[in-house]
Chemist: 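Before anything else, here's the structure in question.
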Amino acid sequence: MRRVFVAGGAGFIGSAFIRHVLRERRDAEVVNFDALTYAGNLANLADVSADRRYRFVRGSVTDAAAVAAALAGCDAVVNFAAESHVDRSIHDATDFIDTNVRGVHSVLTAAREAGVARVLHVSTDEVYGPATHDDARSEDDAFRPRSPYAASKAAGDMLCHAFAETHGMGVVVARPANNVGPYQHPEKAVPLFITRAIAGEPLPVYGDGLQVRDRLHVDDNVRALLLLLERGEAGEAYNIQADNHHTNIDVARAILDALDRPHDLIRYVDDREGHDRCYWMDWSKLRALGWAPTYDFDRAIEATVRWYAGNRAWWEPTVRAGAFRGYYERQYGARLAGAQPYRAQ
Ligand code: TYD
């Protein structure tokens, strides 16, 4: 890999991946192509912006001509560009179809026309729909997406598979679990709970809070992604999971404990519509390539809490901005008004 085109590199996982590549591959160059929607933030890359091997191009994956122009001269492609918040997809899925389906198509088409040898597309465990420890999903299992977000990601995955089969392209798909770590947008559960807890405000936990998610530290995830870009088999998908499964109520309590705040900041609010109870994957295929997670649940949460506590200047402007406050009111206003108090369980 000489020059890698990273779509969506200004987001949470994309920016961590760019930092990782520039650190670990001294002769690699990176083109970061990002639309800078509300979820993209160049401050996530402040520490590498002066690196001569790094270049930023503003553009959307939905603009096929812009993708093709920015991708010229690159020999590897990684696609992180996505609308990723399930709750927003419940309100309106239009942008999800544009970015997560049409956007994937234009990235694949541009890569094909440029003769790019390696394409890594970053998907999600949510394409499989709900699963449990005793009924874990393998890469070839059926897709049963239940949210508009998950459905749009499943469609993008299928396009990758189709381009690998039809055009013989070197496309690899990664399906990571829920990520935690620095620079995640405060709309997502973990940073939302942390930033609310720091402010001494209620933490809105959906339903009974007993839904289960894995918590994969983003630094572990980007190590897996670079491995898959370089050594994943063309046409194959790979699950990425840390086996750090916990309920949301456990996560909320762990955050409050790390900040020395009382558990009664937790509020039970009306559940998310179509809320998936649990995700669980079999990741033996990735293990066989030599990857293993290094963060357990406690360390992943503690490190994330520490980062948000020490980097208020990064997230405070976002949560104070009118756009976020409007979103927050729409998503949580009525829910918090009818919330139930915390009960130990
Ligand atoms: P989220 O971070 O939105 O990730 P995903 O839905 O893709 O898994 O949510 C993680 C879990 O936390 C999920 O079960 C929904 C729950 N959740 C809450 O309980 N309250 C909240 O305010 C949010 C945003 C999520």
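Every number for a ligand or one of its atoms is a count from 1 in the order of the listing.
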Chemist: With heavy-atom distances below 4.5 Å as the criterion, would you say the side chains of M169 and T166 are in contact?
Modeler: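 Side-chain contact under 4.5 Å: no.
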Chemist: Can a salt bridge be assigned to the pair D270 and R272 using a cut-off of 4.0 Å between side-chain N and carboxylate O?
Modeler: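 No, no charged N to carboxylate O under 4.0 Å.
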Chemist: Using heavy atoms and a 4.0 Å limit, tell me yes or no: is Y332 in contact with ligand 1?
Modeler: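 Judged by the 4.0 Å heavy-atom criterion, Y332 does count as contacting ligand 1.
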Chemist: Please list, in number order, the atoms of ligand 1 under 4.0 Å from a heavy atom of V86.
Modeler: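 Numbered from 1, ligand 1 contributes 6 (O), 7 (O).
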Chemist: Below 4.0 angstrom from a heavy atom of V205, which ligand 1 atoms are there? Numbered from 1 as shown, please.
Modeler: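 Reading through ligand 1 atom by atom, the close ones are 19 (O).
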Chemist: I'd like to know whether NE2 of H85 has more than 12 heavy-atom contacts from other residues, nucleotides or ligands below 6.0 angstrom.
Modeler: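 Yes.
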Chemist: Is it the case that atom CZ in R144 sees more than 12 heavy atoms from other parts of the structure closer than 6.0 Å?
Modeler: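 For R144, atom CZ is not crowded (no more than 12 foreign heavy atoms under 6.0 Å).
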Chemist: Any side-chain to backbone donor/acceptor pair from R299 onto T294? Under 3.5 Å, distance only.
Modeler: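 Answer holds: yes.
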Chemist: Please list the nearest protein heavy atom to atom 7 (O) of ligand 1 with its residue and the distance rounded to 0.1 Å.
Modeler: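 Nearest neighbour among protein heavy atoms for atom 7 (O) of ligand 1, to 0.1 Å: E126 OE2, 2.4 Å.
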Chemist: Please determine if N178 has a nitrogen or oxygen closer than 3.5 Å to a nitrogen or oxygen of ligand 1.
Modeler: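 Checking ligand 1 against N178, an N or O pair does fall under 3.5 Å apart.
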Chemist: Under 4.0 Å, counting heavy atoms only: does Q331 come that close to any atom of ligand 1?
Modeler: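 Not so, Q331 does not reach ligand 1.
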Chemist: Could you tell me the residue and atom name of the protein heavy atom closest to atom 16 (C) of ligand 1, and the distance to it rounded to 0.1 Å?
Modeler: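 Minimum-distance protein heavy atom for atom 16 (C) of ligand 1 reads N248 ND2, 3.3 Å.
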Chemist: Just which atoms of ligand 1 are under 4.0 Å from any heavy atom in H85?
Modeler: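 With H85 as reference, the close atoms of ligand 1 come out as 3 (O).
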Chemist: Could you tell me the residue and atom name of the protein heavy atom closest to atom 15 (C) of ligand 1, and the distance to it rounded to 0.1 Å?
Modeler: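 The protein heavy atom lying closest is H275 NE2, 3.3 Å.
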Chemist: Exactly one of W315, F12, W314 should register a ring pair (Phe, Tyr, Trp, His ring centres under 6.0 Å) with Y183. Which one does?
Modeler: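 It is W314, the one option of W315, F12, W314 that forms the ring pair (Phe, Tyr, Trp, His ring centres under 6.0 Å) with Y183.
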Chemist: Test of understanding: given a 4.0 Å heavy-atom threshold, classify the contact between D87 and ligand 1 as side chain, backbone, both, or neither.
Modeler: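 It is the side chain that gets close, since no backbone atom is under 4.0 Å.
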Chemist: Between T94 and D92, do the side chains contain a donor N or O and an acceptor N or O under 3.5 Å apart?
Modeler: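 The answer is yes; a qualifying pair exists.
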Chemist: Determine yes or no for a side-chain-to-main-chain donor-acceptor pair under 3.5 angstrom, with R267 supplying the side chain and P204 the backbone.
Modeler: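 Side chain of R267 to backbone of P204, a donor-acceptor pair under 3.5 Å: no, none is there.
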Chemist: If you measure from atom 20 (N) of ligand 1 to every heavy atom of S89, P191, G207, P204, which option wins on shortest distance?
Modeler: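 Minimum heavy-atom distance to atom 20 (N) of ligand 1 goes to P204.
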Chemist: So which protein heavy atom does atom 10 (C) of ligand 1 come closest to, and at what separation?
Modeler: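 The closest one turns out to be A189 CB, 3.7 Å.
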Chemist: Starting from atom 17 (N) of ligand 1, locate the nearest protein heavy atom and write down its residue, its atom name and how far away it is, to 0.1 Å.
Modeler: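 Among all protein heavy atoms, the one nearest atom 17 (N) of ligand 1 is Y206 CD1, 3.4 Å.
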Chemist: Do me a favour and list the nearest non-hydrogen protein atom to atom 6 (O) of ligand 1 with residue, atom name and distance?
Modeler: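 For atom 6 (O) of ligand 1, the nearest protein heavy atom comes out as R272 NH1, 2.5 Å.
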Chemist: Quick one: pull up CE in M1 and SG in C74 and give me the separation to the nearest 0.5 Å.
Modeler: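 Going from CE on M1 over to SG on C74, the span is 11.0 Å.
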Chemist: Out of the candidates R175, H121, E83, E126, only one should pair with K153 under the side-chain contact (heavy atoms from CB on, under 4.5 Å) rule; please name it.
Modeler: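 Exactly one candidate clears the test, H121.
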Chemist: Which atoms from ligand 1 have a heavy atom of L192 less than 4.0 Å away?
Modeler: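 Every atom of ligand 1 under 4.0 Å from some heavy atom of L192: 22 (O).
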Chemist: Going by the atom numbers of ligand 1, which of them fall below 4.0 Å from some non-hydrogen atom of R213?
Modeler: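 Contacts of ligand 1 toward R213, numbered from 1: 8 (O), 13 (C), 14 (O).
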Chemist: Considering only heavy atoms of E187, which atoms of ligand 1 have at least one such atom less than 4.0 Å away?
Modeler: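 Once the distances to E187 are compared, the set is 24 (C).
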Chemist: Has R112 got more than 12 heavy atoms of other residues, nucleotides or ligands less than 6.0 Å from its CZ?
Modeler: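 Not more than 12 within 6.0 Å, no.
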Chemist: At less than 4.0 angstrom from any non-hydrogen atom of K188, what atoms of ligand 1 do you find?
Modeler: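 Atoms satisfying the 4.0 Å criterion: 2 (O).
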